[in-house]
Amino acid sequence: KTASTWFQTYGYPSHPEINLLNKGDLDPIFYSSFVAPDGINFDLSKFEMDFMVNSNNESHKGSISGVCEENLTGNPWTGRNSDSLLLRISEQFKGCKVIISIRNQKTMIESLYSNYVKSGGMLSFSSLLNDLPIEGGLIKGKLEYHNLIKKYFDVFGKSNVMVYMYEDFVLEPEVVL
């Protein structure tokens with residue numbers, strides 16, 4: 001919902017100094033071994049064997065290694081798992097810099113709802129957002145971006161975290177890039 005697919009497909013691969021680690025066949029491996037497991041089921045040795053060893057075998061075109069994955073901020077509807085992912089990132093990628101893209105909350109909800117309907121969802125917009133037992137009812141907490149950003153600032157330091165608005169990227173991509 002904030003152009004991560006564009007960055008994964010065009011932005012980072014075309015940058016001469018960036019080596020995107022979770023590209024091609026390694027993307028589902030990164031997701032399944034690093035992003036998807038909750039704090040209890042994360043297996044560091046599995047991640048290192050499945051992803052880190054394979055990504056180190058890839059040819060490196062750039063001096064900056066990175067990963068780009070929209071779900072590193074947790075479940076897209078609830079933010080669930082965002083705290084354990086933040087700590088996992090800080091432990092596995094020591095000294096890294098973090099880029100966070102946020103989107104106007106109103107258009108973010110509309111985009112998520114559009115994806116929900118395209119994926120077969122049948123609830124009305126209002127029903128989805130107001131029914132707490134359904135993940136859509138928990139989106140309001142996820143959209144309180146300041147909470148997540150503050151935690152990233154606390155863990156990585158403000159100088160190592162760049163936050164930009166998706167809308168700024170759409171209007172002036174060269175400024176954001």
Side-chain angles (χ1 to χ4, degrees), residues 1-9 12-13 18-58 60 64-103 105 108-109 111-113 115-121 123 128-129 131-157 160-163:
K1 311 299 140 259
T2 59
S4 53
T5 301
W6 183 89
F7 278 101
Q8 293 161 348
T9 307
Y12 295 130
I18 295 177
N19 177 38
L20 186 63
L21 298 176
N22 62 318
K23 61 183 179 267
D25 292 342
L26 291 176
D27 189 45
I29 295 170
F30 179 75
Y31 183 83
S32 65
S33 65
F34 191 84
V35 179
D38 61 21
I40 293 171
N41 293 306
F42 176 66
D43 183 343
L44 175 59
S45 59
K46 178 174 176 25
F47 170 66
E48 289 176 340
M49 282 300 294
D50 291 352
F51 181 76
M52 295 304 284
V53 169
N54 288 316
S55 66
N56 287 332
N57 291 333
E58 292 282 315
H60 298 291
I64 302 168
S65 292
V67 296
C68 178
E69 170 55 55
E70 56 269 24
N71 294 303
L72 285 173
T73 57
N75 178 287
W77 284 95
T78 67
R80 188 178 302 118
N81 213 20
S82 61
D83 53 346
S84 61
L85 284 166
L86 181 150
L87 295 175
R88 193 174 300 161
I89 294 165
S90 72
E91 292 167 359
Q92 302 311 309
F93 300 101
K94 294 188 185 326
C96 72
K97 296 192 181 283
V98 176
I99 301 170
I100 300 173
S101 175
I102 58 176
R103 184 173 181 169
Q105 288 94 333
M108 178 62 108
I109 289 173
S111 181
L112 284 168
Y113 182 73
N115 272 6
Y116 165 77
V117 170
K118 288 176 187 173
S119 299
L123 291 175
L128 180 67
L129 295 181
D131 193 345
L132 284 179
I134 299 171
E135 290 188 339
L138 302 172
I139 186 69
K140 294 166 190 139
K142 165 90 179 202
L143 297 177
E144 293 179 0
Y145 301 131
H146 64 283
N147 294 325
L148 179 72
I149 292 167
K150 182 186 180 321
K151 287 185 181 189
Y152 270 86
F153 284 169
D154 291 347
V155 171
F156 294 95
N160 292 317
V161 179
M162 175 192 168
V163 180

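Note that the structure is predicted; figures quoted are calculated from it, not measured.
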Test log, rule side chain to side chain contact (heavy atoms under 4.5 Å, CB included), inputs Leu21 and Leu26: CA-CA 7 Å; Leu21 298 176; Leu26 291 176; 6.0 Å; no

Check against side-chain hydrogen bond (donor to acceptor under 3.5 Å, both in side chains), Lys142 and Thr73: CA-CA 9 Å; Lys142 165 90 179 202; Thr73 57; 3.0 Å; yes

Evaluation steps, side chain to side chain contact (heavy atoms under 4.5 Å, CB included), between Leu20 and Phe7: CA-CA 10 Å; Leu20 186 63; Phe7 278 101; over 6 Å; no

Side chain to side chain contact (heavy atoms under 4.5 Å, CB included) between Phe42 and Ser84, intermediate numbers included: CA-CA 10 Å; Phe42 176 66; Ser84 61; over 6 Å; no

Chi angles and distances behind the side chain to side chain contact (heavy atoms under 4.5 Å, CB included) call for Tyr12, Lys23: CA-CA 10 Å; Tyr12 295 130; Lys23 61 183 179 267; over 6 Å; no

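The closest side-chain heavy-atom distance from Leu129 to Ile139 is below 4.5 Å. Counting only heavy atoms from C-beta outward, the side chains of Val155 and Val161 never approach each other to under 4.5 Å. Considering only heavy atoms from C-beta on, Gln92 comes within 4.5 Å of Leu44 through its side chain. In this structure, the side chains of Asp43 and Ser33 stay at 4.5 Å or more apart for every pair of heavy atoms. In this structure, the side chains of Asn160 and Lys97 come closer than 4.5 Å at one or more pairs of heavy atoms. When side chains are defined from C-beta on, Asn19 does not count as touching Ile64, because their heavy atoms never get closer than 4.5 Å. Within the 4.5 Å cutoff, no side-chain heavy atoms of Arg88 are placed close to those of Val35. Using a 4.5 Å cut-off on side-chain heavy atoms (C-beta onward), Phe30 and Glu69 make contact.
Counting only distance, with no hydrogens or angles, the side chain of Asn54 and the backbone of Asp50 share a donor-acceptor pair below 3.5 Å. Judged by distance alone, the side chain of Asn41 and the main-chain N or O of Pro37 form no donor-acceptor pair under 3.5 Å. The backbone N or O of Cys68 lies less than 3.5 Å from a partner atom in the side chain of Asn22, making a donor-acceptor pair. Judged purely by atom type and a 3.5 angstrom limit, Ser111 has no side-chain atom pairing as donor or acceptor with the backbone of Met108. Here the side chain of Tyr152 pairs no donor or acceptor atom with the backbone of Ile100 at under 3.5 angstrom.
Taken from OG in Ser55 to CG in Asp25, the straight-line distance is 13.0 Å, to the nearest 0.5 Å. The structure places CG of Leu143 at 11.5 Å from CG of Leu148, a figure rounded to the nearest 0.5 Å. Taking CD1 of Ile109 as the start and CZ of Arg103 as the end, the distance is 11.0 Å to the nearest 0.5 Å. The CZ atom of Phe51 sits 8.5 Å away from atom CD1 of Ile29, with the distance rounded to the nearest 0.5 Å.
Aromatic pair Phe93/Phe34: centroids less than 6.0 angstrom apart.
Closest non-hydrogen pair, Thr2 versus Ser101, comes out as CB-OG, 3.1 Å. Closest heavy-atom contact between Gly74 and Leu85: N-CD1, 3.8 Å.
Between Tyr116 and Tyr113, the ring planes are tilted. Angles from 30° to 60° get that label.
More than 12 non-hydrogen atoms from other residues, nucleotides or ligands lie less than 6.0 angstrom from CE of Met162.
By the 4.0 Å N-to-carboxylate-O rule, Lys150 lies close enough to Asp154 to be salt-bridged with it.
Between Ser82 and Lys151, the side chains place no donor N or O within less than 3.5 Å of an acceptor N or O (distance only, hydrogens not considered). Residues Glu70 and Gln8 have side chains that bring a donor and an acceptor to within less than 3.5 angstrom of each other. At a cut-off of 3.5 Å, with distance as the only test, no side-chain donor of Asp38 or Asn81 sits close to an acceptor on the other residue.
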